[in-house]
Structure formats: structure tokens, C-alpha cells
Amino acid sequence: MPGSERQQVVDAAKYLRSIRPIDPEEVATYVEGGAHPGVVARILREAAPDLDLVERADGTFTPVPEESLTPAFEGVGRFPEPYAAAFEDRLRAVYGPDWYAGDTGDAIRERIRRLKTDYYWRNDVAYDEDVAMAYACYHLPDAYASVSYALDELGRDGLLESRLRVLDVGAGVGGPALATNDYVLGGPGDPERDALVEYHAVEPSEAAAVLDDLLAETGPNFHPEIHRETAEAFEPTGEYDLILFASVWNELDAPAETAARYLDALATDGTLLGVAPADKETSTGLRAVERALADEREAATIYAPMPRFWADRSPSDRGWSFDERPDVEAPPFQERLASDAEDPGAYRRTAVRYSWTALRVDGRRRFDFSLSRSAAAPLAESDRHVTERVDHVVAKASHDLSEDDNHPLYKVSDGSEATEHYAVLVEQTALNRLLADAGYGDPLRVENALVLWNDDEGAYNIVVDADAVVDPA
């Protein structure tokens, strides 16, 4: 359609948007000489992010609601079947119908083993098509689940609007993109939601080809664009409501410097969300970026989950902290790849363990208070209190880390510690059971707990026994 006629469609939409739902058939009558409703619908779909329009199931377009997103998230049990089928179609297109068998299957499994080794030793990884496909085989489901849960941390707090401009830096093969689509707009089989996502992916590698295939499975109100540039080279334009770094900081030469540059593109009320696998190197790497941005550069505020309960103090422990959610079901493509393997469990990635950080530039925190010594003892001064009973206010920073059921063990933090602290529940009572029941990141007041030094672990233990009380902070 010529530019003048396209403009007539846009002008008609601007006029009608405040009056009634925009029907492509009606708009077609506003075009000089007439136009096909299907062509009008395509123009409206393309212009929807600029016009803030949502395409509805009946084919009409309406303005995006000016309100916070109402989450309908109930967890992730499995990687959605339409996405799994689309990815397996790509596997067949690249490697043939029996992609999981014979030499082809052996090669994919070898690439997965090599990827695990390279990540463990922090070796550089070059993502050609074969490596990207192997990565997707192993990581798509858990990446999808981890980002879904991280997004829910923001959505439950009302930090995501129904109209979102998203920048996914290091978008990879598409797990974060699909999670964003499903969380905001509703996944396959979910009720349709009146929301709009303008999604920009920054991905220079061949993983972008897998991403492009999977983006075809998203709905009409998810408007994607892929930028084939590195995180360091890409120049963001405009402001973004959500900037996502998922499993990418460990692959950058200067992650804190790169992330700091992207903060300039974050809307005043927006969030920079970092997500990383729970293993020690990537998890502590994420925490190092968080601390560099919040504590060293003072470029952002940590919204959640790690606390800063003491003014003018910041932590310097190793910061290994991660959340854990129920396992996801292995998708069919993982089961097929595992079926011909001597060690099938090595090719099923079902555990959902991840570290995350939410950073803001407006100073907002999930739990915004500052402690004084009259209220509690800072963890930074635990060396003064060994063998004493004291009061602390801490955030629960792990699930149960114990290797037996006798004494549950939880990492805790108040944002002042230089050494790891763990709360040990040696005797559960009605007055201290909240230590076990609280969620990841929840702030707790722990009263009359015994402070001990654990020489074997090089950490402090806060012993919660029958004389200790745990309340919400």
C-alpha cells in the first residue's frame, strides 16, 4: 500500500481509538479508493506499538489498558508443547528426521558435554549453528522457567505494565523471549490478555536463527525485532520498561560496565532484571555485577532479592545465593536425545535453580527500611558475638541447603556481611518455624539466636533452637 494510503489508515485509527474498537473493515472505507480489510489489519498490526493498540481475538484493535499487569502465573510444569514442537521441527530440518540417533545424536550430546565443561571452566564459547542447537536442546526449558519465575517477582509487585517495551540483551535461543510472551500475554492455551509487548532482542550469534523460529510461535500482540549486534556494540534507542540480562553476564568481558551503559536506557520506573544459573561461577558473577552497579558505582538500587538493611554498609562475602523451584518435565526432544545415551540424565535439564537481581534507578526497594543497633546486630559484627545470643534482621537467601533432614540450613543476609552466614534450625517450634516456611528473599527478625563460628565451613552459624523466635520483619 502506498505511503499516503498507509497514513490514512493510521490517521483513521488515531481518530477511532478513543471512540470504539477499531474494525479493519470500517477503516478500509476511510481509505481513498478503498482498501482490502486484510491489508488494513496488517498495517494496524505493524503500527500497533506506536499507536498502543492491542489486537483482539475478534480481529478488532483497542487501546492498551493503562494499568499494571494482572498476573495469572501459576508456575511452570513443562516447556509449552507448541514451542517444543517448533524447536524439534528445526532439529529435523537441520539434522534430518532421526536427528537424535546415530552419529548426529552423538555429536549433539558431545556438544552438550563440551558446553557444560566450558561453562564450568569459564571458557569462551562460539555459538555457531550446531552449538546453538545443542544449547537449546539442553537449556530451553530451564531458561524459560527461570525467567518466568523472575518475571513473576516483578509482576506480583505491580512493576510490570500492560504495555511493555522490553530489551533482551544476549537473547540467545529464545527461552527468555517465550517466557516474557507467556507471562505478559498468556501462553498457549491461556486466556488472551489485553497487553502489548514491544520486544527487542540483542543477539549476534547463530542462536538468533533459533530465536527467530520460536518467535514465530508468539501471539499478535508480541512485536519482536532482532538486532544482530553484540551487547557491547548495540546502541539502545528510547527508553525500556524492562531490560533483561539472562545467562549473559558471564559471557561478557566487562559485564558491570556493559550493564551500567544500559541503565541509561532504562525508564525511570523500569527494572533491569538479571538472571543466571545457580552454579557458583555464574551466580557469584551475577552478584558481582549487582554489587558493582549498586554499591561501587551507586548507579542503581537493588529492588530485590538481596537486602541492604544497614545504611552505608554493603556485603563483601562471595554472595552465592539462588532460588529453587519445582522441576519441570523433560520435553520430548530431551527425552529423545537421552534415549540413546549411556547416561540419559546428563541430557535432561529439569532442575530450576537460578540467581536473580532486580535493579532500579528510582530508588525503590521491595523492603525499604534501615536498621539501627538498638533494633538488631549487623552480621558484619558477628565476630564480636560468637557464643552469645543476639537479635538479627535478615533476608532468607536460600532454600534448605542441608544434606540431611535433621537440621535445615539456610543462607541469610542483611547486606552488611563480609563472611557467609547460615541459619541452622536445630529445634523447630511454633515460635521459630517461620524460618523454614518463609520464601526466598523474605525479611525475618531472628531473636535470641546463638552465634557460632563454623571453622570447617569458614562461616558463621546462627543457631535457631527452642529459645529462639523468628517473626516477619
Side-chain angles (χ1 to χ4, degrees), residues 1-72 82 86 155 160-168 177-178 180-202 211-228 235-242 265 267-270:
M1 178 179 285
S4 61
E5 295 178 355
R6 180 181 296 269
Q7 188 60 49
Q8 291 176 54
V9 171
V10 171
D11 289 344
K14 290 178 179 178
Y15 168 72
L16 291 170
R17 71 189 308 278
S18 60
I19 302 174
R20 55 181 174 271
I22 301 167
D23 187 338
E25 290 191 5
E26 179 185 0
V27 173
T29 66
Y30 286 81
V31 177
E32 185 177 353
H36 191 282
V39 175
V40 172
R42 178 173 55 79
I43 294 171
L44 291 172
R45 196 172 297 123
E46 293 170 353
D50 295 327
L51 296 172
D52 288 340
L53 294 177
V54 170
E55 184 176 357
R56 310 197 71 173
D58 62 3
T60 63
F61 293 77
T62 59
V64 183
E66 295 183 3
E67 59 189 27
S68 295
L69 191 71
T70 302
L160 299 177
E161 298 298 315
S162 295
R163 197 266 189 251
L164 280 179
R165 192 164 191 253
V166 179
L167 181 60
D168 186 358
L178 300 178
T180 303
N181 174 80
D182 291 3
Y183 188 83
V184 178
L185 301 171
D190 289 343
E192 195 170 286
R193 300 176 199 147
D194 286 343
L196 173 72
V197 176
E198 182 184 347
Y199 169 85
H200 293 262
V202 179
L211 170 65
D212 193 38
D213 269 9
L214 293 176
L215 286 175
E217 301 300 314
T218 59
N221 294 311
F222 192 86
H223 299 269
E225 183 175 351
I226 300 175
H227 306 273
R228 296 292 296 268
E235 293 292 340
T237 57
E239 291 187 339
Y240 295 87
D241 307 297
L242 176 66
T268 305
D269 58 350

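When reading the values below, keep in mind they use all heavy atoms of this one structure, side chains included, and skip hydrogens, waters and symmetry mates.
Of all the heavy atoms in Leu215 and Pro224, the pair that sits closest is CD1-CB, 3.8 Å. Closest non-hydrogen pair, Asp182 versus Pro188, comes out as OD2-CD, 3.7 Å. Across all their heavy atoms, Arg193 and Ala72 have their closest contact at NH2-CB, 3.5 Å. The minimum heavy-atom distance linking Glu26 with Leu16 is given by the pair OE2-CD2, 3.8 Å. Considering all non-hydrogen atoms of both residues, Arg165 and Glu239 come closest at NH1-O, 3.1 Å. The two atoms that bring Ala177 and Leu211 nearest to each other are CB-CD1, 4.0 Å, heavy atoms only.
Using a 4.5 Å heavy-atom threshold, the side chains of Leu178 and Thr218 count as touching. Contact of the Pro24 side chain with the His36 side chain is not registered, since no non-hydrogen atoms from C-beta on lie closer than 4.5 Å. Side-chain contact between Ser162 and Asp194 is absent, with no heavy-atom pair separated by less than 4.5 Å. Side-chain contact between Asp52 and Pro63: absent, with no pair of heavy atoms (C-beta onward) separated by less than 4.5 Å. Between Arg56 and Thr62, the closest side-chain pair of non-hydrogen atoms falls below 4.5 Å. Contact check for Val9 versus Val31: side-chain heavy atoms found under the 4.5 Å cut-off. Side-chain contact check for Glu161 versus Asp241: every heavy-atom pair is 4.5 Å or farther apart. A 4.5 Å side-chain heavy-atom check between Leu51 and Val10 finds at least one atom pair inside the cut-off.
In this pair, Tyr15 and Tyr30 present their aromatic rings tilted. The plane angle is within the 30 to 60° band.
Rounding to the nearest 0.5 angstrom, the gap separating the NE2 atom in His223 from the CG atom in Asp50 is 10.0 Å. Of the inter-residue distances, the one linking Asp11 atom CG with Arg6 atom CZ reads 13.0 Å to the nearest 0.5 angstrom. Rounding to the nearest 0.5 angstrom, the gap separating the CG atom in Leu167 from the OH atom in Tyr199 is 9.0 Å. In this structure, CZ on Arg17 lies 12.5 Å from CZ on Phe61, to the nearest 0.5 angstrom. Atom CG in Leu164 sits 8.5 Å away from atom OG1 in Thr180 (nearest 0.5 Å).
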Practice task
Begin with the C-alpha distance, continue with both residues' side-chain angles, and end with the deciding distance and a verdict on side chain to side chain contact (heavy atoms under 4.5 Å, CB included) for Ile226 and Asp212.
Solution key: CA-CA 8 Å; Ile226 300 175; Asp212 193 38; 3.9 Å; yes
Practice task
Quick one: do Leu53 and Leu196 satisfy side chain to side chain contact (heavy atoms under 4.5 Å, CB included)? Show the steps, please.
Solution key: CA-CA 7 Å; Leu53 294 177; Leu196 173 72; over 6 Å; no
Handout entry: Worked check of side chain to side chain contact (heavy atoms under 4.5 Å, CB included) between Leu69 and Tyr183
Key = CA-CA 10 Å; Leu69 191 71; Tyr183 188 83; 4.0 Å; yes
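For CD of Glu25, the number of neighbouring non-hydrogen atoms (other residues, nucleotides, ligands) closer than 6.0 Å is 12 at most.
A side-chain donor from one of His200 and Glu198 sits under 3.5 Å from a side-chain acceptor of the other.
A donor-acceptor pair is defined here as one N or O able to donate and one able to accept, closer than 3.5 Å; no such pair exists between the side chain of Glu55 and the backbone of Arg45. Here the side chain of Glu192 pairs a donor or acceptor atom with the backbone of Ala57 at under 3.5 angstrom.
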